[in-house]
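Notes follow the structure.
Quick note on labels: first sequence line is chain A, next is B, and so on, each numbered from 1. Keep in mind that the numbers below use all heavy atoms, side chains included, and drop hydrogens, waters and symmetry copies. Please read these numbers as outputs of a predicted model, since none were measured by experiment.
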Number of protein chains: 2
Amino acid sequence: MNIGEASEKSGLPRKTIRYYEDIDLIRPLRDRNGYRAFRDKDVHKLIFLSRARALGFSIDDCRTLLALWEDDQRASADVRALAQDHLAHIDHKIQDLQSMRATLSDLITACAGDHRPDCPILASLEKE
Amino acid sequence: MNIGEASEKSGLPRKTIRYYEDIDLIRPLRDRNGYRAFRDKDVHKLIFLSRARALGFSIDDCRTLLALWEDDQRASADVRALAQDHLAHIDHKIQDLQSMRATLSDLITACAGDHRPDCPILASLEKE
DNA sequence: TCTTGACCTTCCCACCACTGGAAGCCCCAT
DNA sequence: ATGGGGCTTCCAGTGGTGGGAAGGTCAAGA
């Protein structure tokens, strides 16, 4: 299977797949003509990576998750711990964004939004 | 005023200030020795930028905001529109994160997290 | 006057996770 | 033989810094 098909099946762009090989997340074989030859196993990994990335795991986390996935002896506690760290990370981001949102939303409400120059949004950015 | 003092007063790292000059957000003067010479006006701008960035505005947005800020003839509607676009952007991000959070949280709940290898988190990343 | 140390300068590299583009093979259909 | 698509590698860029080297400048102390 060439990269185009692997891309279709995994939903990842060709560029991303090459990048993942570059950083040793996957190791597809090579045909005699130099083309990458993907086995089902490789595509399976790509799908795994695509899902993990969609959940916001970093590439480094993905590396660890892949290793755990391939390890029959793994303890689910290890996976769970990683996921929980990541959850905390996400929560932190959400809180940051919500705090931004609140401030911004207040400012927008306070701004007349007409043709006049007076603007509490700019005023708030300006002064203490 | 040298960059160190401007950095202290604005709360921005020296590196960031130099970067902002590089991309023409600010234009401090220069002393005869080549040192940047910040006027109060420059520091004022830096503080403005720092606040805007803290609210999550992109550098490009900041450029526009600065221009509006300096324009006595501006219409507050323009500022408001920009802020509202940004608010929508933030809301979108929050929603993405919350959807991640929900999925991840469900998976964590479902995972025993013990010494056994069975793990719904990995299982969910693997299959459809 | 000399030295020390804290500034300042520019320049280049690294980060993260890709993405775009150029130059050049390879393969298949016509 | 030709054309078009897919494949390859390599280089460069993104945003917004951060780290560090190599070297100039300044003020204070011995």
Below 4.0 angstrom, which residues in residues 39-46 of chain B have at least one non-hydrogen atom near DNA chain C?
none
The helix from C/dT1-D/dA30 to C/dT30-D/dA1: angle between its terminal axes, five pairs each, to 10°?
30°
Between A/Arg39 and A/Asp42, does any NZ, NE, NH1 or NH2 come within less than 4.0 Å of an OD or OE carboxylate oxygen?
yes
Could you list the residues that satisfy side-chain contact (heavy atoms from CB on, under 4.5 Å) with B/Gln84, not counting sequence neighbours?
A/Ile108, B/Arg80
According to the ring-ring contact (aromatic ring centres under 6.0 Å, His included) rule, which pairs have a member within residues 58-95 of chain A, sequence neighbours left out?
A/His44-A/Trp69, A/Phe48-A/Trp69, A/Phe57-A/His86
Can I get a per-line list of side-chain donor-acceptor pairs under 3.5 Å for residues 112-120 of chain B, giving both atom names and the distance, sequence neighbours left out?
unit_1	atom_1	unit_2	atom_2	d
B/Asp114	OD1	A/Ser76	OG	3.3
B/Asp114	OD1	B/Arg116	N	2.9
B/Asp114	OD2	B/Arg116	NE	2.8
B/Asp114	OD2	B/Arg116	NH2	2.6

Nearest 0.5 angstrom please: A/Leu49 CG to A/Ser10 OG, how far?
9.0 Å
To the nearest 0.5 Å, tell me how far B/Leu122 CG sits from A/Glu70 CD.
11.0 Å
What residues from residues 82-93 of chain B pass a heavy-atom cutoff of under 4.0 Å to DNA chain C?
none
Pick base, sugar-phosphate or nothing for B/Arg32, based on heavy-atom distances below 4.0 Å to the nucleic acid.
nothing
Restricting to salt bridge (charged side-chain N to carboxylate O under 4.0 Å, His left out), what partner residues turn up for B/Asp96, sequence neighbours left out?
none
Could you check whether any side-chain heavy atom of B/Leu46 comes within less than 4.5 Å of a side-chain heavy atom of B/Lys9, counting everything from C-beta outward?
no
Among A/Leu66, A/Leu25, A/Asp40, which residue satisfies the side-chain contact (heavy atoms from CB on, under 4.5 Å) criterion with A/Lys45?
A/Leu66
Take the protein atom CG of A/Asp22 and the nucleotide atom P of D/dT9, then report the distance between them rounded to whole Å.
9 Å
Going 5' to 3' through nucleotides 14-20 of chain D and flagging B where a protein heavy-atom sits under 4.0 Å of the base, S where only the sugar-phosphate is that close, and - otherwise, we get --BBSBB
Only counting residues at least two apart or in another chain, list the ones meeting salt bridge (charged side-chain N to carboxylate O under 4.0 Å, His left out) with B/Asp31.
none
Stepwise side chain to side chain contact (heavy atoms under 4.5 Å, CB included) test for A/Tyr35 and A/Ile3
CA-CA 8 Å; A/Tyr35 287 17; A/Ile3 199 170; over 6 Å; no
Once base and sugar-phosphate atoms are separated, protein heavy atoms under 4.0 Å mark nucleotides 2-7 of chain D, 5' to 3', with B, S and - as ----BS
Considering only heavy atoms of chain A and a distance under 4.0 Å, specify the first and last nucleotide of DNA chain C in 5' to 3' order that meet this criterion.
C/dA17 to C/dC27
Salt bridge check, B/Glu21 against B/Arg36: does any charged N sit closer than 4.0 Å to a carboxylate O?
yes
Should we count CZ of B/Arg30 as having more than 12 external heavy atoms under 6.0 Å?
yes
For B/Lys15, the salt bridge (charged side-chain N to carboxylate O under 4.0 Å, His left out) test, sequence neighbours excluded, returns none
Going by an N to O cut-off under 4.0 Å, is there a salt bridge joining B/Glu126 and A/Arg51?
no
Output the distance between atom OG1 (A/Thr109) and atom CG (A/Leu104), rounded to the nearest 0.5 Å.
9.5 Å
